[in-house]
J.: 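Once you've had a glance at the structure underneath, I'll fire off some questions.
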Amino acid sequence: MTSVYEEKKISKAIMRVGLPSMLGQLTTLIYNIADTFFVSLTKEPATIAAVTLCAPILLIIMSIACVFGMGGSSVIARLLGENKKEESGATMNFCVYAMVIAGAATLIAGLVFLQPLARISGADADNMAYTCDYLKWIFAGAPFIMLANGFVHLFRSVGLIKEGTVGLVLGNVINMILDYVFIAILGWGTAGAALATSLGFVCASIYYIICMIREEQRGNQLVPLSFRRFSLNAAMIRRVVGIGIPGALITVLMSVSNIVLNNYIGIYGSDAVASYGIAYKLDMIPILLSVGLAQGVAPLVGYYYGANEKRRMSDTVKYAMLYGVVLGAVFTAVFMLFGRALAAIFLQDAGLIAQTGYFLKILCLSAPMLGVINMITSYFQALGKAVKSLVITLLRNAALFIPGVMLLNHFWKLNGVIAAQPVVETILTVICLFMYIGDRRPGCE
């Protein structure tokens with residue numbers, strides 16, 4: 001089969017890289033929903049609230065992997081466009097071992113500061129024990145959570161798209177099976193949900209390592225696993241970290257903004273947190289599909305940039321944005337029509353079902369705009385323009401969102417807090433379009 005980088009038809013190239021990435025994100029979402037579904041079988045809002053409160057911590061752990069996964073992917077794709085295969089392989093090797101070291105450090109720090117982290121996340125007397133149970137097993141699996149998430153990006157950048165997706169799906173399927181065993185059968189609650197998550201990432205990491213060993217034995221110089229190839233080249237590290245940190249900050253600041261949001265929703269009680277948790281998990285369907293499309297296309301954009309094929313790069317970004325907007329519009333329509341019915345899958349209380357369906361109708365208003373925001377963010381990351389991607393991230397999760405939550409809470413209480421997301425995404429879409437148009441002007445590249 002022709003390499004995806006050599007595919008003549010832009011729309012087909014986008015589908016070849018975008019669909020597997022979207023599939024991987026979809027299975028990630030399904031396991032997230034499965035976590036919430038099995039935990040909800042306890043019929044205890046405090047357990048659902050605990051899983052919701054821990055989500056930002058899990059995202060922060062994943063974001064550390066993004067420093068080396070997304071940063072390495074961007075550097076590798078551009079190097080391949082410049083036909084520098086030896087440097088691409090060295091970058092891949094460095095990123096793998098850097099994730100191992102970072103994962104071990106996170107495991108130790110997380111277990112030492114477990115309770116303070118739970119309090120920072122917004123845990124209260126009702127759900128503190130459940131929150132700590134969840135976090136304990138998440139931190140225990142931190143090295144594997146980082147490896148599995150980083151490998152996905154690195155594999156895509158070297159053309160191992162199928163292998164990257166299979167590993168992600170494998171880990172998520174194992175997670176869902178173990179969710180059923182640990183929660184529904186053994187009754188381990190939030191601890192069981194977290195243990196299932198960590199073990200799923202362990203299995204995914206093992207699969208990726210086996211793939212690397214196999215590729216190295218086949219003579220693929222792009223994916224060397226041997227420690228003998230490990231190199232602390234200062235220039236390479238600067239390139240990877242320079243792109244990776246802004247990419248990771250997307251997730252870190254998203255987690256910080258979610259922590260702020262959870263604390264404001266927590267003012268209105270565990271029932272409000274539980275309702276928002278369910279609504280947000282459902283709204284994650286278009287969010288993660290949009291992220292999957294943008295992340296899948298990013299190596300393609302970086303390759304065309306490195307190969308100086310600017311027209312193909314521009315067409316790729318435009319088609320991907322269009323697909324993302326249409327996809328988001330479809331989900332907005334579905335959630336508007338069936339929001340309450342979807343909430344009833346997870347909840348039994350009529351009041352909570354009505355509240356969750358209402359929250360979902362507000363949150364989903366931003367779904368079409370995600371196709372623009374996520375693709376333009378990935379575009380800047382793929383080109384190595386870290387500052388511009390960081391500006392979008394700071395606007396989205398700090399400069400606009402946090403003041404927006406505070407202001408809207410002041411005027412409209414809980415409804416205003418929930419409405420912060422679509423309000424901010426609307427403003428940010430306009431800003432992103434201006435940034436992209438400005439970047440595409442002659443002399444600005």
Side-chain angles (χ1 to χ4, degrees), residues 21 25 55-75 77 102 146 149-150 152-153 238-262 280 283-284 286-299 301-302 317 320-321 324 328 363 366-367 369-406 420-439:
S21 179
Q25 293 290 347
I57 300 295
L58 179 58
L59 283 173
I60 289 172
I61 295 173
M62 292 179 177
S63 75
I64 299 172
C66 288
V67 172
F68 306 104
M70 294 179 68
S73 172
S74 174
V75 172
M146 287 190 193
N149 281 277
V152 172
H153 298 289
R238 281 196 300 271
R239 287 196 298 269
V240 170
V241 174
I243 296 300
I245 288 180
L249 281 175
I250 293 174
T251 309
V252 171
L253 290 175
M254 185 187 302
S255 300
V256 171
S257 63
N258 280 342
I259 289 171
V260 171
L261 185 63
N262 287 336
Y280 184 67
D283 191 49
M284 286 294 287
I287 291 174
L288 287 180
L289 287 176
S290 174
V291 168
L293 176 61
Q295 289 183 350
V297 170
V301 173
V317 173
M321 278 197 285
L363 291 174
S366 63
M369 293 171 273
L370 297 173
V372 175
I373 297 169
N374 289 329
M375 190 59 240
I376 291 177
T377 303
S378 286
Y379 162 80
F380 287 127
Q381 289 170 349
L383 269 59
K385 299 185 177 184
V387 173
K388 291 185 177 181
S389 66
L390 181 58
V391 167
I392 296 173
T393 300
L394 290 170
L395 287 171
R396 187 179 201 173
N397 297 298
L400 293 177
F401 187 80
I402 293 176
V405 169
M406 296 175 177
Q421 177 180 308
V423 170
V424 168
E425 304 284 23
T426 301
I427 297 169
L428 190 60
T429 298
V430 177
I431 294 172
C432 285
L433 286 171
F434 275 111
M435 289 178 66
Y436 176 73
I437 293 168
D439 189 76

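The first residue in the sequence is number 1, and the count goes up from there.
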J.: Quick one: does S63's side chain have a donor or acceptor within less than 3.5 Å of a partner on I60's backbone?
T.: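 Such a contact is found between S63 side chain and I60 backbone.
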J.: Would you please name every residue forming a side-chain hydrogen bond (donor to acceptor under 3.5 Å, both in side chains) with S366, sequence neighbours left out?
T.: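 side-chain hydrogen bond (donor to acceptor under 3.5 Å, both in side chains) list for S366, sorted by chain: Q421.
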J.: Do you know the tightest heavy-atom contact between Y436 and I376?
T.: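 Here Y436 and I376 meet closest at CB-CD1, 3.8 Å.
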J.: Any pair with a residue in residues 287-296 that passes salt bridge (Lys or Arg N to Asp or Glu O under 4.0 Å), sequence neighbours left out, goes on the list, sorted by first then second residue, please.
T.: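 Those involving residues 287-296 do not exist here.
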J.: Nearest 0.5 Å, what's the CG-CG distance between L433 and L428?
T.: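 Reported value, rounded in 0.5 Å steps: 9.5 Å.
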J.: Grab the two heavy atoms, one from P299 and one from A77, that are nearest each other, plus how far apart they are.
T.: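 Of all heavy-atom pairs spanning P299 and A77, the closest is O-CB, 3.5 Å.
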J.: For I243, what residues pass the side chain to side chain contact (heavy atoms under 4.5 Å, CB included) criterion, not counting sequence neighbours?
T.: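 If we apply the side chain to side chain contact (heavy atoms under 4.5 Å, CB included) test to I243, skipping adjacent residues, the hits are S74, R78, A386.
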J.: When rounded to the nearest 0.5 angstrom, what distance separates CD1 in I392 from OG in S378?
T.: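 One finds 9.5 Å between CD1 of I392 and OG of S378.
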J.: Which residue pairs pass the salt bridge (Lys or Arg N to Asp or Glu O under 4.0 Å) test with at least one member in residues 390-406, sequence neighbours excluded?
T.: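 Non-adjacent pairs meeting salt bridge (Lys or Arg N to Asp or Glu O under 4.0 Å): R396-E425.
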J.: Residues in side chain to side chain contact (heavy atoms under 4.5 Å, CB included) with S21, at least two apart?
T.: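 Listed in chain order: R156, Q295.
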J.: Between M146 and M62, does the side-chain contact (heavy atoms from CB on, under 4.5 Å) criterion hold? Intermediate values first, please.
T.: CA-CA 6 Å; M146 287 190 193; M62 292 179 177; over 6 Å; no
J.: P422 and M369: which non-hydrogen atoms are nearest, and at how many Å?
T.: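 Closest approach of P422 to M369: O-CE, 4.2 Å.
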J.: Rounded to the nearest 0.5 Å, how far does CG of L261 lie from OH of Y280?
T.: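 Result: 8.5 Å between the selected atoms.
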J.: Can you list, pair by pair, the side-chain donor-acceptor contacts under 3.5 Å of residues 398-406, counting residues two or more places apart and other chains?
T.:
none

J.: Partners of F380 by ring-ring contact (aromatic ring centres under 6.0 Å, His included), sequence neighbours excluded?
T.: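 Here no residue qualifies.
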J.: Which pair of non-hydrogen atoms, one from K388 and one from M435, has the smallest distance, and what is that distance?
T.: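 Nearest heavy atoms, K388 then M435: O-CE, 3.6 Å.
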J.: Sequence neighbours excluded, which residues qualify as side chain to side chain contact (heavy atoms under 4.5 Å, CB included) partners of S290?
T.: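 So S290 forms a side chain to side chain contact (heavy atoms under 4.5 Å, CB included) with L370, N374.
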J.: Does L293 have any side chain to side chain contact (heavy atoms under 4.5 Å, CB included) partners at least two apart in sequence or in another chain, and if so, which?
T.: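 Partners of L293 by the side chain to side chain contact (heavy atoms under 4.5 Å, CB included) criterion, ordered by chain and then number, come out as I14, M22, V297, Y323.
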J.: Return the minimal non-hydrogen interatomic distance between M375 and A320, and the atom names on each side.
T.: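 Distance-wise, the nearest heavy atoms are SD-CB, 3.5 Å.
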J.: Can you measure from CD1 (I57) to CD1 (I61) and round to the nearest 0.5 angstrom?
T.: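 Answer rounded to 0.5 Å: 7.5 Å.
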J.: Listing request: all salt bridge (Lys or Arg N to Asp or Glu O under 4.0 Å) pairs with a residue in residues 56-75, at least two apart in sequence or in separate chains.
T.: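 Matches after skipping sequence neighbours: none remain.
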J.: Here's a test for you: under side chain to side chain contact (heavy atoms under 4.5 Å, CB included), which of L395, I373, V391, I427 qualifies with C432?
T.: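 Between C432 and the candidates, side chain to side chain contact (heavy atoms under 4.5 Å, CB included) is satisfied uniquely by I373.
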J.: Tell me the closest heavy-atom pair linking D439 and K385, and the distance in Å.
T.: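 Nearest heavy atoms, D439 then K385: OD1-NZ, 2.8 Å.
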